[in-house]
Amino acid sequence: MKKVQRIFKVSLLGEGAVGKTSLRRRYLGETFESGYAMTVGADFAVKKMKLNSIEYTLQIWDLAGQQRFSAVREVYYRGTSGALLVFDISRPETYELLPNWIHELIKNNKNKIVPMLLIGNKSDLRSSTPNAVPYEYAADYARSLSNWSGFEVPYIETSAKTGENVEKAFITLIENIVKFFEVN
C-alpha cells in the first residue's frame with residue numbers, strides 16, 4: 001500500500017493583478033483588501049485542511065506575475081504538487097497568456113505535468129465588463145487542458161472580493177492532487 005502524501009505544494013500562477021494574493025488571503029480567512037500591492041518574487045503561506053478524515057498541509061506559493069520576476073520564479077516551482085492558473089475575467093490578455101504560465105511551470109518543475117485548476121477570478125466584475133472573457137471560452141480551454149494533460153482540469157469562476165467559490169477552488173484542486181498521487 002502506498003503511503004499517502006500529506007504535504008502538498010500549491011503554486012498560484014498568473015499575470016500580475018489577477019488576484020492571486022487576494023485569493024490566497026481569502027482562503028486563509030483574511031479580509032479582502034481593495035488596493036493592489038505587487039508580490040515581489042513569491043509569498044508563502046501554510047494551511048492545514050482535512051479531506052476524507054485525512055489532514056493535509058498545504059504550502060501555498062503565491063508567485064509574482066510580472067515578467068521581470070520570471071528568473072526569480074524559476075526556483076519556486078520545484079516540487080509543485082498542483083497549480084491554480086488564475087486569470088482576471090475582466091482582462092482578456094491575462095487569459096491569453098495562460099499557456100506561458102503552464103510552460104513555465106512544467107519547464108521549472110522537472111518537466112512534470114501536475115494537477116491544475118483554471119480560475120477565472122473577479123467574477124463580481126463580469127456584468128460590468130463588456131469585454132469579459134466568456135465563461136464558455138474558459139470552460140473550453142479547461143477541457144482542452146484536460147485532454148492534453150490526461151487528468152481533469154476544472155474551470156471555476158471566483159471572486160476574492162466576495163469570497164465566491166474561493167474555498168471550493170482550493171478543495172477541488174486538493175481532491176485532484178490526492179487522486180493524482182493515488183494513481184501515480
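We use all heavy atoms of the structure for the numbers below, so side chains are in, but hydrogens, waters and symmetry mates are not.
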| said: Under the rule for side chain to side chain contact (heavy atoms under 4.5 Å, CB included), what residues qualify as partners of K107, not counting sequence neighbours? | reply: H103
| request: Quick one: pull up CZ in R6 and CZ in F181 and give me the separation to the nearest 0.5 Å. | output: 14.0 Å
| field | N108 (side chain) donor-acceptor with E104 (main chain) under 3.5 angstrom | value | yes
| remark: Across all chains, not counting sequence neighbours, the salt bridge (Lys or Arg N to Asp or Glu O under 4.0 Å) partners of E93 are R91
| F87 side chain near E96 side chain, heavy-atom distance below 4.5 Å | no
| So how far is it from Y155 OH to Y141 OH, rounded to the nearest 0.5 Å? | 12.5 Å
| said: A cation-pi test, strictly: NZ or CZ of K179 under 6.0 Å from the centre of the six-membered ring of F151 and no more than 45 degrees from its axis. Yes or no? | reply: no
| query | Under a 4.5 Å cut-off applied to non-hydrogen side-chain atoms, are I54 and V178 in contact? | reply | no
| I102 pairs by side chain to side chain contact (heavy atoms under 4.5 Å, CB included) with which of V153, L85, I113? | L85
| Donor-acceptor contact below 3.5 Å, side chain R26 vs main chain A160 | yes
| field | Contacts of R126 that satisfy salt bridge (Lys or Arg N to Asp or Glu O under 4.0 Å) - sequence neighbours left out | value | E157
| query | Taking only residues two or more places apart in sequence, or in another chain, which ones meet E175 in a side chain to side chain contact (heavy atoms under 4.5 Å, CB included)? | reply | L51, I171
| said: I'd like to check the side chain to side chain contact (heavy atoms under 4.5 Å, CB included) partners of Y137; sequence neighbours left out, ordered by chain and number. | reply: Y95, V133, P134
| If only atom types and distance count, is the side chain of S159 paired as donor or acceptor with the main-chain N or O of T162 below 3.5 Å? | yes
| query | Looking at K161, K122, K20, which hits salt bridge (charged side-chain N to carboxylate O under 4.0 Å, His left out) with D88? | reply | K122
| said: Using 0.5 Å steps for rounding, measure from the CG atom of L12 to the CG atom of D62. | reply: 5.5 Å
| query | How many angstroms lie between atom CG of L118 and atom CD1 of I156, to the nearest 0.5 angstrom? | reply | 9.5 Å
| For K50, all residues meeting side chain to side chain contact (heavy atoms under 4.5 Å, CB included), sequence neighbours excluded | none
| Pick from T94, T158, N165: which one makes a side-chain hydrogen bond (donor to acceptor under 3.5 Å, both in side chains) with N121? | T158
| said: I need the N176 CG to S81 OG distance, nearest 0.5 Å. | reply: 13.0 Å
